[in-house]
Asks: 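Can you keep this structure in mind? I'll have questions shortly.
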2 protein chains.
Amino acid sequence: MKTITSPSNPTIKFIRSLRQRKERKSTGFFYVEGIRLIGEAVRTQQRFLHVIICPELLDSPFGKELVTTIEGQGVDTISVPEAIFNSISLKEGPQGIAAVLEENWGVLEELIIKKGLWVALDAVQDPGNLGSILRSLDAAGGQGIILLDESTDPYHPTSVRASMGGIFSQKIIQCSFATFSNWKTRSTYPLIGTLCGEGLNYRRYNYPEDMILLMGSEQKGLSSKHKEICDGVVTIPMKGTVDSLNLSNATSIVLFEIFAQLQDSIK
Amino acid sequence: MKTITSPSNPTIKFIRSLRQRKERKSTGFFYVEGIRLIGEAVRTQQRFLHVIICPELLDSPFGKELVTTIEGQGVDTISVPEAIFNSISLKEGPQGIAAVLEENWGVLEELIIKKGLWVALDAVQDPGNLGSILRSLDAAGGQGIILLDESTDPYHPTSVRASMGGIFSQKIIQCSFATFSNWKTRSTYPLIGTLCGEGLNYRRYNYPEDMILLMGSEQKGLSSKHKEICDGVVTIPMKGTVDSLNLSNATSIVLFEIFAQLQDSIK
């Protein structure tokens, strides 16, 4: 383990720079923080570039064990004083453990191999929404997510944190709608879209075990080009004055209907 | 309509100060922005203190109609240049219409009169979660929300925006757990709690038409003191590696189960 005490050390500067999307994109690395997320990263065998610890802050025995495990794998381990840790931390009440990991992007072809339940999101904008969809998808036994067109970055710190580890358990695929549409025509993998106010009641649809749930963006919902490539379209009936739900809430409601149907069919 | 051109005008300063919770609390006013939300505020007859418009930005005919309506009700209407509007605006791409409204807090006794579906949240921390729960609750035909103990402010700009108008359609009640527990014992209004990994599968519970759905905080879930006063406890079965869902996703999943059961029983 090495110790860094200068806040202008290049590694410390690099870690802070990963807050910016362009730095993540050009390097292929992202930042995670906290015992729980780093525990999940170890469990799911993510690729670590650095582990950063702050001995004054890291008092959890499980956290210390994690550091030993990661260090034992030959990962560069850096100890920093509290002031430096606070300068890289994005949490209130930091736990004294953070890491830089390699982004892990999948390709559409993996979908055919893994099969199961996937979510495709058109141009999702809010990293908190994306992260909490990854969390719900993981909890509903999903395999991964497909980000269509200009989407927010799944490796944005807010998305990573909101995913509660879903960022590691779920495959992350990004492609244009044209690529996806082409692949969908060839693969015939079932695609069910969710629309506002149009389609079958989402509770009356019989979902296949292997499928992609397609959701529109926060602002626009699903357009007709998206609808055209769907094998089925469902809607969430609602009343009241709002005419739509938050994207991550709508996705979770349909995902847990799919999950429950599958559980019932197993019993 | 009066025109203000100085950024240091006391009214402009007051409007900006409403970003802070303590200012909202001491004055009882809050800030809303955008055509849609202000349209909902008019429709649901909220009490306006000021309407602020920026003629260079407000080009929507519906937006202009709204201003005429509000002005016709004798509300103080202020026109400001773009630079000042941008200094009070919290939106990217502001639409040139904002307002200061009176907060509207309800009391537990109203619940017995209104009846129907309510949500109680223990110490909710994230204003985005609170707002999107208000949005889902509105969409599920709910009546209002009860905020227990130290909760985030429902009139926080993030909560107001995320509610998409649910902040106006839903009654907002805030009280201590002790007060709520006392009231619950007297009123016998049905209370169903949601727990992680404990309780009946939320899809197998027969929800009454009049009920409160009780959800724990983001960090802690429901404690035993909360559980004790519940008439029933349900859980959302899940698999995967995460052990819980985002609070607003979990609330939405159970709310839409309750809503669907009620719709099915009407048919």
Side-chain angles (χ1 to χ4, degrees), chain A residues 36-37 39-40 43-44 92 117 125-126 128-129 131-143 158 162-170 196 201-204 218 236-257 259-264 267, chain B residues 36-37 39-40 43-44 92 117 125-126 128-129 131-143 158 162-170 196 201-204 218 236-257 259-264 267:
Chain A
R36 190 200 177 109
L37 269 177
E40 275 303 298
R43 207 185 56 77
T44 56
E92 278 176 61
L117 176 60
Q125 292 308 300
D126 183 84
N129 273 345
S132 68
I133 289 171
L134 285 165
R135 181 176 178 183
S136 287
L137 183 57
D138 177 289
Q143 298 294 336
T158 303
S163 82
M164 296 291 271
I167 190 81
F168 306 131
S169 68
Q170 301 300 298
C196 274
N201 183 331
Y202 77 107
R203 290 172 69 96
R204 309 218 195 290
E218 288 100 336
I236 306 173
M238 53 188 80
K239 58 184 200 181
T241 58
V242 307
D243 58 4
S244 67
L245 294 166
N246 165 278
L247 174 63
S248 107
N249 288 341
T251 308
S252 300
I253 289 167
V254 184
L255 275 179
F256 273 78
E257 174 64 29
F259 177 60
Q261 282 191 15
L262 189 62
Q263 294 299 100
D264 288 346
K267 272 169 201 159
Chain B
R36 188 197 178 112
L37 269 177
E40 276 303 297
R43 206 185 56 75
T44 55
E92 279 177 60
L117 177 60
Q125 293 307 301
D126 183 84
N129 272 345
S132 68
I133 289 171
L134 285 166
R135 182 176 178 183
S136 288
L137 183 57
D138 178 290
Q143 297 294 335
T158 304
S163 82
M164 295 291 270
I167 189 80
F168 305 133
S169 68
Q170 302 300 298
C196 273
N201 182 331
Y202 77 108
R203 290 172 68 98
R204 308 217 196 288
E218 288 99 337
I236 305 173
M238 53 188 81
K239 58 185 200 181
T241 58
V242 306
D243 59 3
S244 67
L245 294 165
N246 164 279
L247 174 63
S248 112
N249 289 340
T251 308
S252 300
I253 289 168
V254 184
L255 275 179
F256 273 78
E257 174 64 30
F259 178 60
Q261 282 191 15
L262 189 62
Q263 295 299 101
D264 288 346
K267 271 168 198 157

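Reminder, nothing fancy here: chain letters follow the sequence lines and each chain counts from 1.
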Asks: Heavy-atom distances under 4.5 Å only: say whether B:L255 touches chain A with side chain, backbone, both or neither.
Replies: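 When you check distances to chain A, no heavy atom of B:L255 falls under 4.5 Å.
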
Asks: On a heavy-atom basis, which atom in B:A139 and which in A:L245 lie closest, and how many Å separate them?
Replies: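 Distance-wise, the nearest heavy atoms are CB-CD2, 3.7 Å.
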
Asks: Of the backbone (N, CA, C, O) and the side chain (C-beta and beyond), which part of A:S169 lies under 4.5 Å from a heavy atom of chain B, both, or neither?
Replies: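 The side chain, not the backbone.
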
Asks: Given A:R43 and B:T241, is the side-chain contact (heavy atoms from CB on, under 4.5 Å) satisfied, shown in steps?
Replies: CA-CA 10 Å; A:R43 207 185 56 77; B:T241 58; 2.6 Å; yes

Asks: State, to 0.1 Å, how close A:R203 and B:A260 come at their nearest heavy-atom pair, and which atoms those are.
Replies: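 That closest heavy-atom pairing would be NE-CB, 3.1 Å.
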
Asks: Looking only at heavy atoms, which two atoms of A:V242 and B:D138 are closest? And how far apart?
Replies: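 Heavy atoms of A:V242 and B:D138 come nearest at N-OD1, 3.0 Å.
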
Asks: With side-chain hydrogen bond (donor to acceptor under 3.5 Å, both in side chains) as the test, would you mind laying out the steps for B:S252 and A:N249 before giving the verdict?
Replies: CA-CA 6 Å; B:S252 300; A:N249 288 341; 3.3 Å; yes

Asks: Of the listed residues (A:A140, A:G142, A:G165, A:S136), which shares the most heavy-atom pairs with chain B below a 4.5 Å separation?
Replies: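 Top count of heavy-atom pairs under 4.5 Å with chain B: A:S136.
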
Asks: Is B:F256 in contact with chain A via its backbone, its side chain, both, or neither, using a 4.5 Å heavy-atom distance?
Replies: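 Contact with chain A is through both the backbone and side chain of B:F256.
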
Asks: Based on non-hydrogen pairs under 4.5 Å, which of B:A162, B:P237, B:S248, B:G141 is most in contact with chain A?
Replies: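 Of the candidates given, the most pairs with chain A belong to B:S248.
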
Asks: Could you tell me whether A:D243 and B:R135 make a salt bridge, using a distance below 4.0 angstrom between a side-chain N and a carboxylate O?
Replies: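 Result for this pair is no, no salt bridge flagged.
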
Asks: Heavy-atom pairs under 4.5 Å with chain B: which of A:E40, A:R36, A:M164 has the most?
Replies: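 Ranked by heavy-atom pairs under 4.5 Å with chain B, first place is A:R36.
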
Asks: With only heavy atoms counted, which part of A:S163 is less than 4.5 Å from chain B, the side chain, the backbone, both or neither?
Replies: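 Interface part for A:S163: backbone (N, CA, C, O).
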
Asks: Report which part of A:Q170 has an atom under 4.5 Å of a heavy atom belonging to chain B: side chain, backbone, both, or neither.
Replies: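 Neither the backbone nor the side chain of A:Q170 comes within 4.5 Å of chain B.
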
Asks: Select one option (side chain, backbone, both, neither) describing which atoms of A:L137 are under 4.5 Å from chain B's heavy atoms.
Replies: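 No part of it gets close to chain B.
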
